[in-house]
Each structure stands twice: as structure tokens, then as C-alpha cells.
Amino acid sequence: MKLSVPDHSPLQSRDFIYGVATSAFQIEGASDRRLPCIWDTFCAQPGAISDGTDGHIACDHYHRWEQDLELIASLNVDAYRFSVSWPRVMKEDGSPNRSGLDFYLQLLDGLAARNIKAFLTLYHWDLPQYLQDRGGWLKRETAFKFRDYADMISRAFGDRVYSYATLNEPFCSAYLGYEKGFHAPGISDLASGRSAAHHLLLAHGLALEVLNQNSPGSFNGLVLNMSPTYPLSASAEDRHAAVLANDMLFNWYAQPVLAGTYPAAALAHLPAQAQPPIAPGDMEIIARPMDYLGLNYYTRSVYRADPDRGFTESPPTGVPLTDMGWEICPQALTDLLVDLNDRYVLPPVFITENGAAMLDRKINNRINDIDRLHYYQGHLHAVHDAILQGVDIRGYFAWSLLDNFEWTLGHEKRFGITYVDYTTQERTLKASGHAFAEFINKRI
Ligand code: GCO
């Protein structure tokens, strides 16, 4: 099977940026060459990671980066999205860790030599543990530490980075990490979740200012994940529940950065002690104009009314699922993009992650992941449809370049377009990877 889009689609243009994405903790390994982060601590808790794995070796990318660059180049992509490990590049006293910076500098050089644009994310969840020991994202001070880190990186790398993202998915850091306790640092408390979210948003705004100062030539923005919410039934109660879920979970991040306010219905839904700790001037900092918005999309979610909590997620039934148990629903990606474009004055949008975990089988050294290919095919069409409906979308990144450490699911779930054998660290391009490379190459 080949990947295709309709004739004359904007997705066939060489100006449309295609890339593959990864993140530091999920692929790098070499934990002995950096300070500990909150995910090291979390992984060490018995039972926290389903298969007992951790990030100490991961895909060993730290030692295999040259081979991985060759792999990226072989995909014909325009761009590579990766993240910098904060505890690798900065010491506890705030001074740079030279060997950590050099690792990323050689990666940037390697990308430039291959004519591949660098999309660099500053924070993909790996907070230095010493900051967590002082309260982590519960502390306003952490936002200022993040600004210092952004300052250091953008002074060192400047516009060798085509695009900086401040944060990846603050929803996951705050909601999963501090409100539900599913992710590091494993805190489950409503007020903590909302406080962490606010400080993350503040960190984004503060960092964006220094990125714009230090690297005005790069495209600077933020990456949000969104799972558009749908009502289980057409009843007014369920429809209200779906809107509230969106305001509490996803629009909680979009509206502050795009319009400078938290969603009113969500604020009204939260008890007094869980209101976000907004200081005067914060919302202006948070809503600083961005060069682009990155969106990560995997699935939609369905909600029904719940008299106690306001809304409850209803698990998918009778629909196609990925190996994560997530509904495959390309139409919801189009709906999401069009809806955001209707509600806000959007900056240019990049789809910074999209992809699927599937049950891959390696047979005769081949991985014929036709189900993943169908997933990509459907979602490329969804992006095409959104552009035709007026959304300014500039690029699309497949998650992920490699099978990698899938957080609490360890190595059990494979999202890569490249298969990784974790015993030998051998990489094998899957059928989806071959098709992606061919599709990108055929652009006009
Ligand atoms: C993200 C992710 C990735 C995950 C992917 C699949 O940015 O969404 O955190 O790190 O691996 O989303 O769950």
C-alpha cells in the first residue's frame, strides 16, 4: 500500500513541511551522562511502568545519533522534531553542562549537513529532579528557572534551530502528573494540577519572550495535545458535559495562550482552593503572540453527564482501535482544526505529532504494518480537508521516528515507523516508514 492524498492537494507541495518526531527521555538513554529527572524517579517506583523498563538505555540514541540521523535522512523528511533534556544541559547551579550542549550541537550540525530543519522542544516532561525536590511545577519559581534554561539554550543554539517549542503537552505534565498521578511526579490532587498548569503556562510565556529575543529568526511556539470531546448522546446534559470536559482538559491550555483567559465554565466548575494562582500580568505573558501552534492529535474522546463530577469519559465501543485502545477517528482531527480556527485567531499550525501504536510483528525481517499505514492515510486526508476548509496548516510530523519508551507502558507499545529491537538496538524501517519516505519524495 502507498500513501496518497487527493490530486493538487496542498499536502503535495514541497513547501509543506514533513517530519518525524521523538523526545529525549523516550529515546536517548545515557542517563549516566545527565542529572536525574522526575521520570527516573517515577520509573524506579515498583509497578509504575507496566513492563518494569525505564529511560536508562531506551533506544540508546545518545550513542547512536549518527546512525539515527542517517535513518531520518533516508526518509526524505524536511524536518526532525526532538527535545532537549534539561538535566543533560544544565547543572544544578544553573551553569551549562558543556558535554550535554555539545551532544545537541553535533546533532544540529548533522541535521544542517543533511538539509533537515531542526524543530526543538525545550520541555518534553523531564523536569530535573532537584527542581521537583523544591516543589517542581507547584512552585512559581520553576517558571523562572525554565526561562533561564530557555535563555541558555537559545543563546547557545540561536537560529540554527528552525523552530523552538517551549513545552510539549502541558496537559500531560500538569493533569496526568500533578492532578491524576498517572505520570511523574505522581501527585494526585486537583488544586496541585491546576497550580502546575498555571506555572507551566507562565513558563511558556516567559520562555517565549527570551526565545524571540535571542532567536528572532526562528519560528517560536507551543505544542498542545488535544483530544476533541464529543457527547455520548444528543441530550443537553451530555452535550454540556462534552463542552465542560474540553474546557477543563484541553481548552484549559488553548484559551489562555490564544485569548488570554481561562475558560469561564471551567473556572466556575473548580472549587475555590483549586483556582489557578494568577498573579497580576500573568495572562498577558501567557498570551504573548506565537509564531505557530503545534498540535498533537491521536484520538477523540466521548463524554457523558455525571451528576458528581460534571463529566465522565465513555470508553469507545464498536469502533476501530489502535493498540493503545484509542479510537481511530481521522474526521475528529479535521473537526478539531476547523473548530479551533473558528474560535480563535490562530497562528500557523503544525501537526507536531500524529501516529498509532499497533501490534507489530517482525516476520522475515519485515514489519508489514498495514494498519498503521491506514491510520496515516486517513489522517493525512483529514489534514487536507482542514486546509481546504481554511485552516493554515504548514506541516505534519509522524510520531514517531522510532519505537521508544512509551512512558507508563514502557516498551510494550510501539509507535515507530521504525521497529526497534531492544536487545540488539537494531532499527528496521516498517512498511509505514517506507511508504512515508516514498510519499514525501513524490511531492511536486
Ligand atoms: C506526546 C507524547 C509522546 C507519546 C505519544 C504517544 O507528546 O504526546 O508524549 O511522548 O509517546 O503521545 O502516547
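Computation of the quantities below employed the complete heavy-atom set of this structure, encompassing side-chain atoms and omitting hydrogens, waters and symmetry-equivalent molecules. Counting starts at 1 for both ligands and their atoms, following the listed order.
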- Query: Going by heavy atoms, is H124 under 4.0 Å from ligand 1?
  - Reply: yes

- Message: Taking the six-membered ring for Trp, are F182 and W407 closer than 6.0 Å centroid to centroid?
- Response: no

- Item | Within the 6.0 Å centroid threshold, strictly below: Y123 and Y149 | no

- Closest to atom 12 (O) of ligand 1 by heavy-atom distance, out of F171, Y298, W399, is Y298

- Query: Among side-chain atoms of N354 and Y375, is any donor-acceptor pair under 3.5 angstrom?
  - Reply: yes

- Note on the structure: among protein heavy atoms, the one nearest atom 8 (O) of ligand 1 is E169 OE2, 2.3 Å

- Judged by heavy atoms only, the candidate from F25, W125, W326, F405 nearest atom 9 (O) of ligand 1 is W125

- Message: List ligand 1 atoms under 4.0 Å from N296, heavy atoms only on the residue side.
- Response: 7 (O)

- Message: If the threshold is 4.0 Å, N to carboxylate O, is there a salt bridge linking D392 and R394?
- Response: yes

- Message: Looking only at protein heavy atoms, which one is nearest to atom 13 (O) of ligand 1, and what is the separation?
- Response: E406 OE2, 2.6 Å

- Contact partition for Y297 relative to ligand 1, non-hydrogen atoms under 4.0 Å: neither

- For atom 7 (O) of ligand 1, what is the nearest protein heavy atom, given as residue, atom name and distance? E353 OE2, 2.6 Å

- Query: Does one side chain, of Y298 or E353, offer a donor that lies under 3.5 Å from an acceptor on the other?
  - Reply: yes

- Task: Report yes or no: do Q389 and D385 form a side-chain donor-acceptor pair below 3.5 Å?
- Result: no

- Item | Charged N-O contact under 4.0 Å between R147 and E209 | no

- Would one find an N or O of Q26, backbone or side chain, under 3.5 Å from an N or O of ligand 1? yes

- Task: Could you tell me which atoms of ligand 1, counted from 1 in the order shown, lie closer than 4.0 angstrom to a heavy atom of N168?
- Result: 1 (C), 7 (O), 9 (O)

- Query: Among D323, D403, D360, D369, whose salt bridge (charged side-chain N to carboxylate O under 4.0 Å, His left out) with R414 holds?
  - Reply: D403

- Message: Pairs of nitrogen or oxygen atoms closer than 3.5 Å, one from S23 and one from ligand 1: do any exist?
- Response: no

